[in-house]
Each structure stands twice: as structure tokens, then as C-alpha cells.
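Here the structure is laid out as C-alpha cells; the discussion comes afterwards.
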Amino acid sequence: MLKERYFQAFAAYASCNMVLAVAAAVLCAYIAPAAAGSGIPEVKAYLNGIDAHSILAPSTLFVKIFGSIFGVAAGFVVGKEGPMVHTGACIANLLGQGGSRKYRLTWRWLRYFKNDRDRRDLITCGAAAGVAAAFRAPVGGVLFALEEAASWWRSALLWRTFFTTAVVAVVLRSFIEFCRSGRCGLFGQGGLIMFDVNSAPAAYSTRDLLAVIFLGVIGGILGSLYNYMVDKVLRTYSIINERGPLFKVLLVISISFLTSCCSYGLPWILQCIPCPAHSEEECPTIGRSGSYKNFQCPPNHYNDLASLFLTTNDDAIRSLFSSSSEKEFQISTLLVFFVAIYFLGIVTYGIAIPSGLFIPVILAGASYGRLVGTFLDPLSGLDAGLFALLGAASFLGGTMRMTVSLCVILLELTNNLLMLPLVMLVLLISKTVADSFNKGVYDQIVEMKGLPYMEAHAEPYMRNLVAGDAVSGPLITFSGVEKVGNILCALKITRHNGFPVINEPPFSEAPELCGLVLRSHLLVLLKGKKFTKQRIMTGPEIVRSFKAHEFAKPGSGKGLKLEDLDIKDDEMEMFVDLHPITNMSPYTVLESTSLAKAAVLFRGLGLRHLCVVPKTPGRPPIVGILTRHDFMPEHVLGLYPHLHSHK
């Protein structure tokens with residue numbers, strides 16, 4: 001650039017970006033496809049009870065960390081915050097399953113966490129730690145886990161997440177102190193409060209409130225449009241990505257080239273600005289990081305659009321949040337930057353790299369907020385930098401539909417408590433406006449991926465149905481003492497994870513529901529081969545033969561499979577007592593119970609199976625089992641299409 005060899009400069013810039021982008025894409029496409037994207041929708045789905053394949057596996061953790069580094073370094077319009085949440089959840093999952101046997105990382109003491117509830121709590125803490133580390137906002141991390149991530153919350157979980165984020169804050173602070181001397185590159189700039197750059201007073205009048213309401217409405221409309229377009233782009237990309245890993249890498253290369261063209265090409269269309277006379281910062285910037293990039297300008301001039309594009313995301317946000325007395329932006333600069341970031345953020349999310357949504361949304365929101373602030377400067381008492389903060393808040397509220405956690409995160413980021421009422425107001429308005437158009441971006445992605453996420457409330461049409469209406473498929477039951485061949489056959493022909501156990505004479509006077517047995521427990525029992533030739537109960541002997549941890553929830557890919565069993569022909573005719581491994585107190589509802597009530601019970605208690613029992617005596621003791629799939633709108637409306645009108 002200094003020697004005016006501009007095409008060579010572009011070739012060097014674009015090729016550096018492309019090498020880093022290809023490194024991120026190859027990791028993502030070939031090693032861990034689950035690491036692509038933000039990761040927050042997957043963590044949210046896991047905490048709702050959906051254990052999708054390899055979303056929290058050690059390979060996903062590895063790719064998430066390095067893919068995120070390469071992706072952000074490649075100049076993509078992506079953030080590191082979403083991947084940090086996913087990374088925290090992956091680390092928590094690794095601890096919760098006692099390590100990884102595959103990678104020879106196991107700890108015996110961690111097997112106490114090998115149950116669903118403790119593992120879920122750990123992953124909630126991991127998600128909170130990710131937000132706390134990414135934004136340096138410990139309280140914001142706790143509130144994010146409460147508001148957005150977790151489906152079930154209890155008081156014990158509150159102090160656990162609080163403790164986790166407090167530890168994150170202390171460790172982060174010690175690293176920042178260590179890095180103050182410049183030993184860690186650009187890390188450590190700005191301390192725990194990243195964007196504490198605006199010293200303008202936050203005094204506001206009624207006129208300013210009207211401007212803030214206007215910002216909130218605009219943020220809501222732009223946010224819902226952003227979500228709509230992200231959804232369309234993701235559906236288009238999924239068609240390309242299904243064709244194989246090579247096509248994923250080619251898509252990343254094309255988006256990388258587009259991003260390089262925009263960030264290098266767009267600054268050429270704007271005029272250079274003379275350096276401010278009394279700037280504390282060096283102008284033009286010499287070195288890697290700074291707010292006054294010379295780009296193609298003559299000496300003592302800088303290009304303000306290049307200063308936003310060709311710097312770290314954090315420095316760009318810091319520049320936009322700075323007060324108008326410190327930094328002036330041309331209106332054309334803010335307009336071009338907003339349009340470019342808005343659309344680059346949309347086309348970048350969904351390619352095969354770990355990519356967060358927070359930073360693109362904050363950048364776009366801050367640029368249009370500052371744009372509005374520049375226009376209203378003669379009328380408003382608020383500084384343009386404070387308008388940038390409110391613009392970022394309005395756009396975050398419009399896309400992500402969070403309120404409390406976003407409010408606290410933004411205040412912890414900017415250290416500006418006087419802005420609290422305005423940030424609250426703008427978040428509430430933007431969320432309300434955007435909710436009238438579509439769902440939040442994470443909810444849309446969960447729905448698009450086909451994950452059976454259960455909302456806290458039942459759908460209105462469920463009030464017209466009873467539990468017995470939603471039961472589907474032939475019911476397979478076992479006797480209390482069952483033939484080995486029957487169990488093996490049922491496990492082979494079905495993919496059910498739970499089976500009702502029914503006591504029949506001579507073990508009871510009449511057929512009665514004994515309880516529910518899990519597939520994973522049946523496999524452990526069959527592998528132990530505690531069979532008898534007669535149909536007798538051998539409970540105490542079976543209890544003595546197994547240790548409790550053998551029935552603990554296995555880690556990803558570690559559980560017993562049907563192929564691991566070696567049952568001989570003569571053993572197929574033998575019997576096994578299921579009573580010791582049967583859950584004798586399963587949750588049940590009458591077949592005449594409202595389906596809406598059953599759905600609220602299922603979601604509220606975090607169930608996997610809900611037994612439906614008959615209302616009248618003299619019938620088989622169980623009508624069927626309701627699982628998560630049976631409450632999904634696609635299933636219910638598929639059985640009863642006429643209910644579409646009640647939606």
C-alpha cells in the first residue's frame with residue numbers, strides 16, 4: 001500500500017484471508033461438521049433434552065476452538081462469542097461424562113456426574129462461563145444461561161453458575177494483568193470492561209426518549225428482517241453443504257473472497273479525512289491496531305471506512321461507541337459500513353466455520369445507531385456514541401429476543417450504568433416489535449435443523465385433544481420375568497428407548513403396570529447373562545451381580561450396542577428378571593387427560609417417557625407411551641390435519 005502497488009496489496013490481503021478461511025473450513029467440513037455455526041442453538045436444544053449426534057464431542061471442542069480462531073482471523077464478519085458458549089458447554093460435557101476413553105482422558109472421580117441432571121447443570125455452567133469469558137461479563141453470563149440457554153432452572157443452579165462465572169472473571173483478570181506489558185499481542189487491551197471509551201454525559205430529555213423509541217422500532221424491524229434472511233440463506237446453504245465436504249470448503253472460499261473484496265474495495269469510494277489536531281492516538285495509525293488507518297490517503301490523512309473494516313472487531317466497536325468529540329464519522333461511511341456488515345453477516349452465517357452472531361449484530365446496530373445519532377445531533381442532547389450503544393442494543397433485541405441478559409452484558413461491556421433505563425426501554429421495544437413478525441434467530445435455527453424443541457407452553461390446538469389421541473405405533477411390552485429371545489427381538493425391530501413392564505399371574509393377581517425399563521439398562525442386563533431356565537424372580541442375585549455405575553449414563557459413543565451382545569441359541573429360550581432394573585414409579589396420565597396438560601407436565605418435569613393408562617378397568621394396564629416426538633406440531637397436525645385452523 002505504501003508503494004502504491006494496490007493490486008499486489010489486495011492479492012496479499014485476500015490470499016492471507018483465504019488460507020485462514022480454508023484452514024477453518026477443512027477442520028469443520030472433514031473433522032467435526034457439528035462445530036459449524038454458532039453452537040448456541042445446539043446447546044439450547046441439549047439443555048431442553050435433545051442429545052443430537054456429536055454436538056458436544058471432544059472433536060467438536062477441538063474444531064470449535066481452532067476453527068473460531070482461524071475464522072475470526074480470516075476477516076469474516078463473525079464473532080467469537082457464540083463459539084465460546086459452545087466451547088464452554090463441550091468442556092463441561094467432557095468433565096460430566098468422566099473424560100473421554102477414546103482420547104485416553106478419563107477421571108474416575110468424575111463419574112459422580114454421570115446422570116442426566118448433573119450433566120445438564122454442568123453444561124449450563126459451561127454455557128454461562130463461555131459468555132462470561134467472551135464478553136468479560138460474569139453476571140451477564142449467569143443471566144444468559146437463565147434466560148436463553150436453560151430450560152429448567154433451580155436455586156442451586158443459580159449459585160453454581162455464579163461461582164463458575166466468578167472463577168472465569170478472576171482467571172481472566174489475572175491473564176489481563178500478565179498481558180498488560182504487551183507479551184500477548186492485542187490481548188489485554190481495555191481490561192475487564194472492553195468498550196469503556198465514552199466519557200460523554202448520559203443526560204437525556206423527553207425528546208431523547210422519542211429518539212430512543214424510534215431506534216427501538218427500527219431495530220425490531222431490521223432484526224426481524226435479519227432473522228428472515230438468515231433463515232433463507234441457511235436453507236440455501238444446506239442444499240450446497242449436503243453435496244459433500246468439498247462443496248462446503250468451496251462455499252467458504254467464495255464468501256472469503258467476497259468479504260475481502262468488500263473490506264478492501266469499499267473504502268476506495270469514500271474521501272480521505274485530515275487527521276484530528278488534538279488526538280491522543282497516533283494518526284495515521286502505524287502498526288496492527290488503531291482507529292486511523294491511512295489506507296490510500298496522502299500523509300496526515302486517514303480513511304474512516306478502512307479504519308472500521310481493516311481492524312479487529314473489538315476496535316471497530318470501540319470506535320463506533322466513542323464520543324463524537326473524540327471521533328467523527330462521515331454519514332456516507334456509516335451508511336456503507338452498516339449495509340456491508342448487515343449483508344455480509346447474513347451470507348457468512350451458515351458456512352462451514354464456527355461463527356458467532358453477536359459481533360456482526362453489535363457492529364451493524366452500532367453503525368446505524370451512530371448514523372441516527374449523527375442525524376439527530378442538532379435536536380438531541382445524547383452523544384452519537386451513546387446512540388451507537390442504543391442501536392446495538394436495539395438490533396440485539398430485534399434478532400435474539402433476549403432482554404435482561406443483553407441489558408446486563410451491554411452495561412458490563414461499556415461501564416455506563418447511567419444508560420440503564422434507555423437500554424432497558426430500547427430492548428423491550430425492539431423485542432416487542434420483532435416478535436410480531438417472527439421468532440428469535442436461535443429458535444429459528446433450532447426449528448430449521450429439525451430438533452424437537454419443546455416450548456414451555458402448549459400449543460392452543462392441543463386443548464382439543466386428549467393424551468390417548470396422540471399415542472401412536474404398536475405398543476411393545478415386557479413381562480416382569482421375560483424370555484431373553486423376546487427382549488432381543490424387540491430391541492432389534494424397534495428403536496424405542498423405553499418399554500413398559502407388566503406383571504402378570506403368577507407374579508400378580510391380575511395384569512398390572514409394574515414400571516418402565518430403559519433400552520440401555522436392558523443391554524447391560526443381557527450382557528451380564530444372569531438368566532434362568534425357569535420363569536422365577538431372581539432380583540437379589542441380579543442386584544449383587546452388578547455395580548450401580550454400570551447403569552450410569554454413558555458418554556458420547558461409549559454405550560453398549562446390540563452388536564456387542566453374544567447371546568447363544570440355547571440362551572434365547574431362557575428367562576431374565578427385569579424387576580431390579582425397572583423404574584417402579586414412572587409418571588403416568590389418564591388417557592382422557594388434556595394433551596395440553598400432558599405437554600406442560602412432560603416439559604415441566606423434564607421427562608423422556610410419559611405412560612398413558614386406561615380410564616376404565618378391565619383393559620390392558622397401559623394404553624401407550626408419549627415421548628417428545630408425540631408432542632411435536634408436525635406429528636399432531638399430521639394425525640389431525642383439521643386442527644390447522646386452531647393454530
Side-chain angles (χ1 to χ4, degrees), residues 16-17 20 23-24 61-76 78-88 90-92 125-142 144 163-199 279-283 285-293 307-322 326-327 354-356 358-359 362-363 366 408-416:
C16 282
N17 281 354
L20 290 162
L61 170 64
F62 170 79
V63 172
K64 204 79 188 183
I65 294 169
F66 290 98
S68 183
I69 292 167
F70 291 137
V72 172
F76 284 116
V78 295
K80 60 183 182 300
E81 284 69 20
M84 289 280 274
V85 173
H86 197 175
T87 301
C90 287
I91 293 168
C125 291
V131 173
F135 289 114
R136 308 180 192 174
V139 181
V142 175
F144 174 86
F163 172 77
T164 309
T165 56
V167 172
V168 169
V170 170
V171 172
L172 200 54
R173 183 81 215 171
S174 57
F175 273 114
I176 288 167
E177 288 299 322
F178 175 75
C179 292
R180 270 276 153 78
S181 56
R183 281 177 283 192
C184 315
L186 299 179
F187 181 76
Q189 305 279 319
L192 265 183
I193 293 152
M194 289 164 82
F195 309 132
D196 178 20
V197 289
N198 201 327
S199 54
S279 171
E280 292 178 16
E281 201 179 320
E282 198 170 27
C283 178
T285 300
I286 296 167
R288 293 180 294 175
S289 182
S291 306
Y292 298 104
K293 299 283 187 199
S307 303
L308 289 173
F309 268 126
L310 302 173
T311 187
T312 60
N313 291 332
D314 288 359
D315 275 347
I317 294 169
R318 210 172 270 124
S319 295
L320 289 166
F321 281 3
S322 61
E326 292 172 28
K327 192 111 199 278
S355 51
F358 271 101
I359 288 293
I362 290 175
L363 275 172
V408 172
I409 286 170
L410 284 168
L411 293 177
E412 287 186 280
L413 279 178
T414 56
N415 192 29
N416 204 337

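All figures in this text were calculated on a predicted structure; none of them were measured in a lab.
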| Residue among Asp315, Asn313, Leu320, Ile317 satisfying side chain to side chain contact (heavy atoms under 4.5 Å, CB included) with Leu308 | Leu320
| Check against side chain to side chain contact (heavy atoms under 4.5 Å, CB included), Glu412 and Phe135 | CA-CA 8 Å; Glu412 287 186 280; Phe135 289 114; over 6 Å; no
| field | Euclidean distance, His86 NE2 relative to Ile91 CD1, rounded to 0.5 Å | value | 11.0 Å
| field | Full working for side chain to side chain contact (heavy atoms under 4.5 Å, CB included) between Val85 and Phe144 | value | CA-CA 10 Å; Val85 173; Phe144 174 86; 4.2 Å; yes
| Residue pair Leu363 / Ala316: nearest heavy atoms and the distance that separates them | CD2-CB, 3.7 Å
| task | Return the set of residues passing ring pair (Phe, Tyr, Trp, His ring centres under 6.0 Å) with Phe70 (not counting sequence neighbours), or none when no residue passes. | result | none
| said: If you compare all heavy atoms of Lys293 against all heavy atoms of Leu310, which two are closest, and at what distance to 0.1 Å? | reply: CE-O, 2.8 Å
| message | Phe76: which residues meet the ring pair (Phe, Tyr, Trp, His ring centres under 6.0 Å) condition with it, sequence neighbours left out? | response | none
| remark: side-chain contact (heavy atoms from CB on, under 4.5 Å) filter on Pro354, not counting sequence neighbours, yields Cys28, Lys64, Ser68, Pro83
| query | With side chains defined as the heavy atoms from C-beta onward, is the minimum distance between Val72 and Val78 less than 4.5 Å? | reply | yes
| remark: Between Gly126 and Ala92, the two heavy atoms sitting closest are CA-CB, 4.2 Å
| request: Quick one: closest heavy-atom pair of Asn17 and Gly75, and the distance? | output: OD1-N, 4.3 Å
| field | For the student: nearest non-hydrogen atoms of Val168 and Ala129, plus distance | value | CG2-CB, 3.7 Å
| field | Rounded distance [0.5 Å steps], CG in Leu413 versus CG in Leu410 | value | 6.0 Å
| said: Looking at every non-hydrogen atom in both residues, tell me the closest pair between Gly71 and Ala24 and how far apart they are. | reply: N-CB, 4.0 Å
| note | So CG of Asp314 and NZ of Lys80: to nearest 0.5 Å the spacing works out to 4.5 Å
